[in-house]
Amino acid sequence: RYLDGIMIRTYAHDDVTELARHADIPIINGLTDLLHPCQVMADLFTIQEKKGRLEGLKLCYVGDGNNMANSLMHGGAKFGMHVTIACPRGYEPDAGMVREAMNDAKASGARIEVVNDPYEGVKGADVVYTDVWASMGQETEAIERAKIMQPFQVNSQLMAAAKPDAIFLHCLPAHRGEDVTDEVIDGPQSVVWDEAENRMHVQKAILALV
Ligand code: NVA
């Protein structure tokens, strides 16, 4: 009763929806195993700032089909983007989220696809995105995942398969030398610090909205 709203970061997505069902104040999803919408809003804002538009742009998310992949499909589908998830077999994004995004895509003209080859995914991309290979709560799987995800590392060679003016985004924290190399995250195509700053501006907008 002291609160005007709650931002919750947790594991099970159901915990957030259950809280929202019982609350009469805004409940903001600050990250679950399934989705990370507050991050994606900052990401889309950053892409809009850098490219001047969202519609028609190709974004390729490379790596684990996790909460970031799910939310990028969700967000991209609403804005008419071409979102490709390039992930190892068995690490695809949530099937329900793929269906939802494909459904939204029908209305917006977006295109959603899932591929298992990072080079095929990144080809012609305006935006290349990656995230850690083991998310919060998956620490015990880190070694096994690192072996499987290695071909999905975002390095200069993979970036070269995207458009020459492609930008690189990462929700951070990054595991340098794993999901991304220093030369990419510190290189001229990386916009990760503007993206991180935009988290603050976009969270203010979310608070203002609710
Ligand atoms: N997929 C990552 C995102 C961290 C911001 C995790 O859930 O740990």
Side-chain angles (χ1 to χ4, degrees), residues 6-17 19 27-47 59-77 83-98 100-101 112 114 116 118 121 127-154 158 167-181 184-185 190-207:
I6 298 173
M7 185 172 197
I8 171 170
R9 171 170 284 204
T10 188
Y11 296 104
H13 191 77
D14 286 350
D15 289 347
V16 177
T17 50
L19 184 58
I27 304 298
I28 302 170
N29 177 359
L31 178 146
T32 67
D33 288 343
L34 187 68
L35 292 168
H36 197 4
C38 290
Q39 176 68 48
V40 164
M41 285 186 254
D43 299 338
L44 295 177
F45 177 51
T46 307
I47 298 164
L59 179 150
C60 180
Y61 171 93
V62 186
D64 184 25
N66 60 16
N67 43 11
M68 280 312 316
N70 292 332
S71 279
L72 284 164
M73 289 189 304
H74 253 172
V83 179
T84 303
I85 308 297
C87 55
R89 232 170 267 284
Y91 291 85
E92 283 87 1
D94 181 86
M97 293 301 124
V98 175
E100 270 186 28
I112 306 294
V114 179
N116 298 119
V127 182
V128 178
Y129 199 115
T130 195
D131 185 13
V132 290
W133 292 339
S135 284
M136 289 176 232
Q138 297 172 334
E139 289 78 8
T140 55
E141 296 172 30
I143 294 170
E144 189 197 343
R145 283 169 165 269
K147 271 189 233 143
I148 295 165
M149 308 271 176
Q150 189 58 48
F152 293 80
Q153 178 187 71
V154 179
L158 187 63
I167 52 175
F168 171 75
L169 277 80
H170 194 305
C171 56
L172 304 181
H175 287 196
R176 288 166 178 264
E178 288 188 22
D179 36 86
V180 62
T181 56
V184 170
I185 197 166
S190 172
V191 299
V192 299
W193 306 124
D194 287 344
E195 178 190 7
E197 180 190 326
N198 282 339
R199 278 283 261 148
M200 173 177 63
H201 303 305
V202 170
Q203 307 326 292
K204 289 190 291 189
I206 293 167
L207 290 177

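Remember, it's 1-based here, ligands and their atoms both numbered in the order they're listed. Computed from heavy atoms alone, side chains included, the values below leave out hydrogens, waters and symmetry copies.
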**Message:** The test is side-chain contact (heavy atoms from CB on, under 4.5 Å); show your working for Asp33 and Asn67 and say whether it passes.
**Reply:** CA-CA 6 Å; Asp33 288 343; Asn67 43 11; 5.6 Å; no
Do [X] and [Y] have side chains that approach each other closer than 4.5 Å (heavy atoms only, starting at C-beta)?
X	Y	value
Leu31	Met136	yes
His13	Leu35	yes
Pro93	Val114	yes

Which is it for [X] and ligand 1 at heavy atoms under 4.0 Å: side chain, backbone, both or neither?
X	result
His36	side chain
Asp33	neither
Asp64	neither

**Request:** Let me see the working for Asp131 and His36 under side chain to side chain donor-acceptor pair (under 3.5 Å), right down to the final yes or no.
**Result:** CA-CA 12 Å; Asp131 185 13; His36 197 4; over 6 Å; no
**Prompt:** Between OG1 of Thr130 and CE of Met149, what distance do you get to the nearest 0.5 Å?
**Reply:** 9.0 Å
**Within-cut-off N or O pair, Arg9 and ligand 1, under 3.5 Å** =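 No, no N or O pair falls under 3.5 Å.
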Close-contact set for ligand 1 against [X] heavy atoms, below 4.0 Å:
X	answer
Asn67	1 (N), 2 (C), 6 (C), 7 (O)
Asn66	1 (N)
Leu172	5 (C)

**Request:** Among all protein heavy atoms, pick the one closest to atom 8 (O) of ligand 1 and tell me residue, atom and distance.
**Result:** Met136 N, 2.9 Å
**Request:** Starting from atom 1 (N) of ligand 1, locate the nearest protein heavy atom and write down its residue, its atom name and how far away it is, to 0.1 Å.
**Result:** Asp131 OD2, 2.5 Å
**Name of the residue among Tyr91, Trp133, Tyr61 meeting side-chain contact (heavy atoms from CB on, under 4.5 Å) with Asn66** =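 That would be Tyr61.
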